Amino acid sequence: MKIIQLDPSLTYRPEPENHQYRNYKDCPLLDRVKNTYTLMHTYQTVPFVKEKHAQWGSCTHRKMSVMEALNLLDNLVDESDPDVDFPNSFHAYQTAEGIRRIHPDKDWFQLVGLLHDIGKMMALDNEPQWSVVGDTFPVGCKFQQSIVFSDTTFQDNPDTKHPIYSTKYGIYKPNCGLENVLMSWGHDEYLYKVLTFNKCSIPEEGLYMIRFHSFYPWHTGGDYQHLCNDKDHRMLHWVKEFNKFDLYTKTEDLPDVELLRPYYQELIDKYCPGVLSW
């Protein structure tokens, strides 16, 4: 039996101004989406995130190729999007092809589009949805208003009552850099750890996109500037550029994966060859 996992996070993504067919105020998925974020915002604490780093960061769970990992996304459907209903693997190819059309000279960028959601495979390995999908945010400092549902979902998070974690800077120094910030656990950080653990040769810009593409309170909400350094400001352009393709390439016109696979296998062989530790 095929196990289908749902990603409820995309319902609350920003849309282009001329995008009229999504309803965010009274969509039928509202209860499920808010429940996911309530669980996330209740249990994503400093101790929890450190525990997940220890659990997944050693990359000892599986050994497989990138293409094998990508194929696992055939079992992950984002049913929170009322306009599409297909496996996340198709979204991977749609994102990659969107980037390929606009950036034909940046094969590493195309590969990032293909890979960016592979970390969601944790949901197929008994990790709860609220620690896999959705928008990410820093822990160890005050939660900002631009976090989805922030006004109603953090009240039971013990970090909000911690004398240090509840302050503006918390455990961090001003402008310490996002690379030194402990983010809520999810598929972004997991994939970043896998790629760096296996010494994949994707450029720094691409690794940065992967690590922070779900950090909407920063790249879209404009918050957490007090933690950013010069590198973060330079990289913001790349994260925003990637975000356009991540959000707006989803259509019912599904790509021919069998036709595209050889091209992307060449990119995988170039940047992430062989069997990786996950």
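Here the structure is a predicted model, which means the values were calculated and not measured. Only this structure's heavy atoms are used, side chains among them; waters, hydrogens and symmetry mates stay out.
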Close side-chain approach of [X] and [Y], heavy atoms under 4.5 Å:
X	Y	answer
Val49	Gln44	yes
Val139	Tyr165	no
Pro158	Thr45	yes
Val181	Tyr172	yes
Pro217	Gln144	no
Gln225	His233	yes
Arg261	Tyr93	yes
Met64	Leu276	no

Check whether [X] reaches the backbone of [Y] with its side chain - one donor and one acceptor, N or O, closer than 3.5 Å.
X	Y	answer
His226	Lys168	yes
Asn175	Leu227	no
Asn198	Cys200	no
Ser131	Glu127	no
Lys52	Gly186	no
His187	Val132	yes

Using ring-ring contact (aromatic ring centres under 6.0 Å, His included) as the criterion, point out the one residue from Phe245, Trp108, Phe212 that pairs with Trp238.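 Looking at Phe245, Trp108, Phe212, the match for Trp238 under the ring-ring contact (aromatic ring centres under 6.0 Å, His included) is Trp108.
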Looking only at non-hydrogen atoms, find the nearest pair between [X] and [Y] and report the distance.
X	Y	answer
Trp278	Ser65	CZ2-O, 4.1 Å
Leu195	Cys272	CD2-SG, 4.1 Å
Ala69	Met121	CB-SD, 4.3 Å
Asp232	Leu178	OD2-N, 2.9 Å

How long is the straight-line distance from [atom2] of [Y] back to [atom1] of [X], given to the nearest 0.5 Å?
X	Y	atom1	atom2	value
Asn229	Met235	CG	CE	10.0 Å
Leu260	Gln110	CG	CD	11.0 Å
Leu115	Ile268	CG	CD1	6.5 Å
His219	Met209	NE2	CE	11.5 Å
Met40	Asn35	CE	CG	11.0 Å

Looking at [X], I want to see if its [atom1] is surrounded by more than 12 non-hydrogen atoms of other residues, nucleotides or ligands under 6.0 Å.
X	atom1	answer
Glu204	CD	no
Tyr43	OH	no
Asn180	CG	yes
Lys199	NZ	no

Less than 4.0 angstrom from a charged side-chain N to a carboxylate O is my criterion; do Arg234 and Glu205 meet it?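 Answer for the salt bridge query: no.
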Taking the six-membered ring for Trp, are [X] and [Y] closer than 6.0 Å centroid to centroid?
X	Y	result
Tyr224	Trp218	no
Phe143	Phe137	yes
Phe242	His116	yes
Trp130	Phe48	yes
Tyr192	Phe197	no

Would Met67 and Leu191 show up in the same hydrophobic cluster when neighbours are defined by side-chain heavy atoms closer than 4.5 Å? yes
Using the salt bridge (charged side-chain N to carboxylate O under 4.0 Å, His left out) rule, take Arg62 and Glu68 through it: C-alpha gap first, then chi angles, then the decisive distance, then the call. CA-CA 11 Å; Arg62 304 182 187 218; Glu68 289 173 322; over 6 Å; no
Describe, in one word, how the ring planes of [X] and [Y] are oriented to each other, choosing from parallel (under 30°), tilted (30 to 60°) and perpendicular (over 60°).
X	Y	value
Phe109	His103	tilted
His41	Tyr37	tilted
Tyr190	Trp56	perpendicular

Pro273: side chain to side chain contact (heavy atoms under 4.5 Å, CB included) partners, not counting sequence neighbours: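 Not a single residue meets the side chain to side chain contact (heavy atoms under 4.5 Å, CB included) criterion with Pro273.
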Please determine whether side chain to side chain contact (heavy atoms under 4.5 Å, CB included) holds for the pair Thr38 and Phe149, giving the CA-CA distance in whole Å, both sets of side-chain angles, and the decisive distance to 0.1 Å. CA-CA 8 Å; Thr38 299; Phe149 298 123; over 6 Å; no
side-chain hydrogen bond (donor to acceptor under 3.5 Å, both in side chains) filter on Lys270, not counting sequence neighbours, yields Asp107
Determine, stepwise, if the pair Glu189 / Trp185 fulfils side chain to side chain contact (heavy atoms under 4.5 Å, CB included). CA-CA 7 Å; Glu189 185 69 19; Trp185 183 253; 3.6 Å; yes
Polar side chain donor-acceptor pair, [X] to [Y], under 3.5 angstrom:
X	Y	result
Asp223	Ser146	yes
Asp156	Thr42	no
Glu179	Tyr208	no
Lys142	Thr160	no
Glu97	Tyr263	no

Verdict with reasoning, Lys240 to Thr220, per side chain to side chain donor-acceptor pair (under 3.5 Å): CA-CA 8 Å; Lys240 284 180 172 289; Thr220 298; 5.4 Å; no
State which residue, out of Thr136, Asp117, Asn243, fulfils the side-chain contact (heavy atoms from CB on, under 4.5 Å) condition with His213.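 Single side-chain contact (heavy atoms from CB on, under 4.5 Å) partner of His213 among Thr136, Asp117, Asn243: Asp117.
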Ile202 and Leu111: side chain to side chain contact (heavy atoms under 4.5 Å, CB included), yes or no, with the steps? CA-CA 9 Å; Ile202 294 173; Leu111 182 61; 4.3 Å; yes
Residues Arg211, Asp188; criterion side chain to side chain contact (heavy atoms under 4.5 Å, CB included); working and verdict: CA-CA 5 Å; Arg211 194 177 192 183; Asp188 299 34; 5.5 Å; no
